[in-house]
Each structure stands twice: as C-alpha cells, then as structure tokens.
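Read through the structure below, which is laid out as structure tokens, and then see the notes.
For clarity, every value in this text was computed on a predicted model and none was experimentally measured. Naming convention: chains lettered A, B, ... in sequence-line order (proteins, then strands); numbering from 1 in each chain. Computed from heavy atoms alone, side chains included, the values below leave out hydrogens, waters and symmetry copies.
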Protein chains: 2
Amino acid sequence: MSKYSINMNQDCRLCPFVSTAIEKLSDCQMQQLTDNHIVVSFKKGDPIIKQGTYSTNVIFLRSGLVKVHITGPYSEQIVKISKAPQYLGLPTTFGDAVNQYSITALDNCELCFIDNTTFRQLLKESEHFSYQIIQSLCRYEIESFRRCANRTQKLTRGNLADVLLDFANNIFQSDVFTIPISQVEIGNLIDTSRESVSRMLSEFEKDGIIRMTGKQMEIINKKSLELISQNG
Amino acid sequence: MSKYSINMNQDCRLCPFVSTAIEKLSDCQMQQLTDNHIVVSFKKGDPIIKQGTYSTNVIFLRSGLVKVHITGPYSEQIVKISKAPQYLGLPTTFGDAVNQYSITALDNCELCFIDNTTFRQLLKESEHFSYQIIQSLCRYEIESFRRCANRTQKLTRGNLADVLLDFANNIFQSDVFTIPISQVEIGNLIDTSRESVSRMLSEFEKDGIIRMTGKQMEIINKKSLELISQNG
DNA sequence: ATAATTTTGTGATGTTAATCACATTTCTTA
DNA sequence: TAAGAAATGTGATTAACATCACAAAATTAT
C-alpha cells in the first residue's frame, strides 16, 4: 500500500546522516559509495527487512524509527527499537543469505540501500571502516545479552518501566512523547500480554507516575520509574 | 586454586585447532601470530574472562568446553555453552574496555591468549580474516536473538528438552553423555529454578525419555524430546 | 460522515513455576 | 575415612501472569 519515493545518487559527502564509520573514507571511496546506493522513503508500518527473504542490500537508516523483530516459537518478539542514524540489520545481511529477522518502520523513514559488493569493497579497502563495523557488531551483541538477561529476570513492572525510560532517555530525549507502538507491541517487546501492559499502565497512572492521553505519554515521576526498574 | 600450565610460542601453523579464519593468512602473518601468543591450560571451574575486569587479550579456545555467563539484575544467566575450536569473547574484547560478561571453563581447556595489537594488525592486513570475523560476529548475534526468543516464549519443559538436545546433537554428538553442569546451572541457562529442573528431569525419566545415573545421561526417546521442544 | 476495524480497559478464572522447607544423596577435602 | 559442603529430590503454598470474555474507545477506510 505504500509508494516509496526514490532518490538516486545522493552525494554521501553531503549527507547529514552519514555514519561515523564512513567519515574516514577517502574521497574516491566516498564517490564509490555515492554512485552505488539509493535513498528510499518508507512510511509507518512498511517492512524494511523481512524474515525469510534473501538479504540483498546493506541498509543505512538516515532518519526515522524502526523495530527489529523476530518470529519466535509462539509469537512475535520485538528485539529492540532503533533510531537513526545507524546501519540496519548488518548481522542478518552478512550472517546468512536469508534474513533471520525483520525490520519494520515505526514512522516515516529515510533509508540508504547500499550495494552489497560496494560495501564489502569498502570493508576491504578501509581498515578503519571495517574495525568500526566490527566494534559496532560487538556492542550490539553485548547489548543483546544484557537485554535478554533483563527481560527474562525482571518482572513485567520493571520491564515496562524500562521501556518508558528508554523512550524518554534514549529515543525521544524528552519526558513527553508519543508512544510509537501499540500495547500489543509493548507486550511483544517485554514478553507479556497486552492485557498486562494495559493494566500496568493504568496502575502507573493511578500512582501518579505517568500521565496518558491516548498515545501521548508524559512521565511525571521519573524517580519512581527508576525504582520500579531496579526493584521490579 | 589452579595452576595454569603455560607454553610459549607454539607454531600456529602446526596447531590442529587453528581457526578457519586464520587459514588464509600469509606465512609472515602466521609467524607474527606464533610469536605473539601463549597457550594456557585451564581446569574445570577456572574463570577465563571475568565480567567487570579489563579485557586484555583475544582468546582462542583450542580444546574444552566453556560457559558464557552474565550477571543479570537478580541472578546469573548462562548465555550459552561453547565448545572448541572457536574464539572466545570477541564481543566483550572489542566492544568495551571492560568485560561485560564472564566465561568459565566447564572442563579442562586449552586456550591461546593472543596479543590484542597483533590481532588488530591481522584484521588490518587480511581482508579475508576480518571478513571471517565479521561474519562470525553476525552469526553469533542472530543466534543470540533466536536463543532469547526461545527462552522467553517456550515453557520450561521445552527449554529443558532443548538443552538436552543441544548437548546430544551439538556438544557431545552422542545420545549418551555426562552433563557438564549442575542443575542450578541448567536453571541459569533456561531461566528457571533448580527445583523445577529436578522435577522435570524426574518426569522425563518417569516417562521413559531419558535415563539418568548421577550426571550420566542417556537419551532414550529423542523423538519425544523433539516433540516437547516444539510443543512445550 | 459513517461503517468497519483495530486498539484498549477491566473483571473472573486458571496455570505455570517460584519459593519455602527439609530430607537425602553425592562430592570434597582434611 | 569421616566430616563438611554442595547438589539433588520432593511436598506444600503462593505469586505473577496468561487466558478468556466482553465492553468501550479510537483509528482507518469507504
């Protein structure tokens, strides 16, 4: 249902979203990147990477918000919410010919699709670039261990507090924001049912910790949320 | 309590455990690796990497079995059991100056400690080597997403079945083996209490799926285990 | 605008597995 | 080999959530 607007051959040197990993590339390498990518706009709900399909391009998220999700044995699990600027799905692009997880736009996104061969050429030619990529892959994995430990050990209350704190502190950098996902999705993010999410949000509101008007969220008592995050 | 036996300067060309990533290195690079690593023996229970300490070396597991574990908000979580030959803790070595998780020997292990600078030099000089490392980091992360989804979505029965199947199919490649971890550790691996592990193992035994004598385990009905793995 | 669809709120009930308690067995080590 | 420590077995009780059921609200499509 979506029409993707496509811009060919934007100059990466002028791109305000350009990844830090790219900064050290030579002019010639930069030109190669510029010549071998296209910029595409996606709308809320559009699939960017789809689990089970062949992975074809390296994707860089210039702007917007996405969810990384995987089909588990019984239900969909949202692994994480990621915001621009960053590469998307490097592990699934280089780790397997077939995508092992999905990425979906949560709002309007601008993405660069970079030719796989070009990207590999850059890795080959720039030691700095490939080391940056290695480092970011390493950090992703550490993060993912940490997330998994939290998710499985904390009670639902604590996990929900973490989601709200993550939105406020990392994603939106404001205590007032519009929740970009449904309560079903929050459930998928913290491995609980949507009913429990609903009940607990009501509870937070009753306790004066948050104020909600539809999707509009205001964190009133962040200290309480942090305590709940720590002590379940 | 352990005495590490150390061998300096083993020739990596002669090492039967040498990582596939290394195979394409030039003789000169291989010599550099040989000159800048030491081989150390660890005993069951010895810490190899300790969360919170500085990461100093790249470690290659030549032989033996280890557990990768992380201190979660309430308890220890075993992320995975890994066997030789493979690199250990690359993510925590390159992702952060301080180790973000621990690795502990589960039996007698032989490890190569490779100088960090030497390893980075190899990454820099061999495109093939660094691409191999990138690929394996990518695969680790995909695996870790999958493990987390299984752990949080499956019931304890299914997770326990998975552990037994993993030992039989991947780690020991035999349906008869000695469980290398305690029931507490099995609990830490599948996020459940040791009591539940004990009860469920008894149940498996009662149902004629396994036979246990102390740590000695025999899988009698693998089909049943696979069904339990799938259907909880 | 209005119908259709999706999302959310909330009560009642049931299940899984945690926790507590204590006995028993197995492993360590002096 | 005996004593101490660690690991395991098993029952009783309880807590956290899932699930079911349905109503209400909000969003989207026609």
Side-chain angles (χ1 to χ4, degrees), chain A residues 1-2 43-46 72-78 104 106-107 150-161 163 178-207 210-217 228 231-232, chain B residues 1-2 43-46 67 72-78 104 106-107 151-161 163 178-207 210-217 228 231-232:
Chain A
M1 278 289 211
S2 63
K43 293 206 308 259
K44 183 185 168 85
D46 287 341
Y74 297 103
S75 63
E76 199 73 5
Q77 177 169 94
I78 298 182
T104 303
L106 290 179
D107 59 6
N150 282 335
R151 252 216 279 246
T152 49
Q153 289 180 21
K154 283 190 181 182
L155 298 183
T156 301
R157 269 172 74 77
N159 279 318
L160 184 57
V163 168
T178 305
I179 299 187
I181 54 178
S182 71
Q183 291 185 4
V184 173
E185 287 174 304
I186 296 177
N188 292 341
L189 188 53
I190 61 177
D191 297 299
T192 195
S193 65
R194 65 149 201 93
E195 291 94 330
S196 294
V197 172
S198 174
R199 271 186 260 270
M200 242 156 239
L201 284 175
S202 303
E203 208 181 297
F204 284 177
E205 191 158 33
K206 185 170 60 68
D207 295 348
I210 59 170
R211 192 168 9 243
M212 276 174 73
T213 320
K215 292 263 186 213
Q216 195 64 23
M217 166 74 59
I228 292 168
N231 309 317
Chain B
M1 278 291 211
S2 63
K43 294 206 309 262
K44 182 185 166 88
D46 287 340
K67 64 171 175 177
Y74 297 103
S75 64
E76 200 71 5
Q77 176 169 94
I78 298 182
T104 303
L106 290 180
D107 59 6
R151 253 217 279 246
T152 50
Q153 289 180 20
K154 283 190 181 184
L155 298 183
T156 302
R157 270 172 74 78
N159 279 319
L160 184 57
V163 168
T178 304
I179 299 187
I181 53 177
S182 71
Q183 291 186 4
V184 173
E185 288 174 304
I186 296 177
N188 293 342
L189 189 52
I190 62 177
D191 296 300
T192 195
S193 66
R194 64 145 202 96
E195 291 95 327
S196 295
V197 172
S198 174
R199 270 185 261 269
M200 242 156 239
L201 284 175
S202 304
E203 207 182 296
F204 284 177
E205 192 158 33
K206 186 170 59 68
D207 295 348
I210 60 172
R211 192 166 13 241
M212 276 174 74
T213 320
K215 292 263 185 212
Q216 196 62 24
M217 167 73 60
I228 291 169
N231 309 317

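Between the side chain of K154(B) and the backbone N or O of Y74(A) there is no donor-acceptor pair closer than 3.5 Å. Side-chain atoms of T213(B) never come within 3.5 Å of backbone atoms of Q216(B) as a donor-acceptor pair (strictly under, hydrogens ignored). Here the side chain of S198(B) pairs no donor or acceptor atom with the backbone of R194(B) at under 3.5 angstrom. Using a distance-only test at 3.5 Å, with no hydrogens or angles considered, a donor-acceptor pair links the side chain of E205(B) to the main chain of M212(B).
Taking atom CD of E203(B) as the reference point, atom P of dT8(D) lies 18 Å away to the nearest angstrom. Note: CD (Q216(B)) to C1' (dT26(C)) measures 15 Å, nearest angstrom. Whole-Å rounding puts the I186(B) CD1 to dG9(D) C1' distance at 14 Å.
Listed here is the closest heavy atom pair of R151(A) and N159(A): O-ND2, 3.3 Å.
We find the CD-OG1 distance between E76(A) and T104(A) to be 8.0 Å, quoted to the nearest 0.5 Å.
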The contact string for nucleotides 7-19 of chain C, one letter per nucleotide 5' to 3', using protein heavy atoms under 4.0 Å with B, S and - for base, sugar-phosphate only and none, comes out as -BBBBB---SSSB

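No side-chain heavy atom of K215(B) sits under 4.5 Å from any side-chain heavy atom of P180(B).
Side-chain contact annotation: D191(A) with Q153(B), donor-acceptor N/O pair under 3.5 Å absent.
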Please produce a list of atom pairs where a protein N or O lies less than 3.5 Å from an N or O of nucleotides 2-5 of chain D.
none

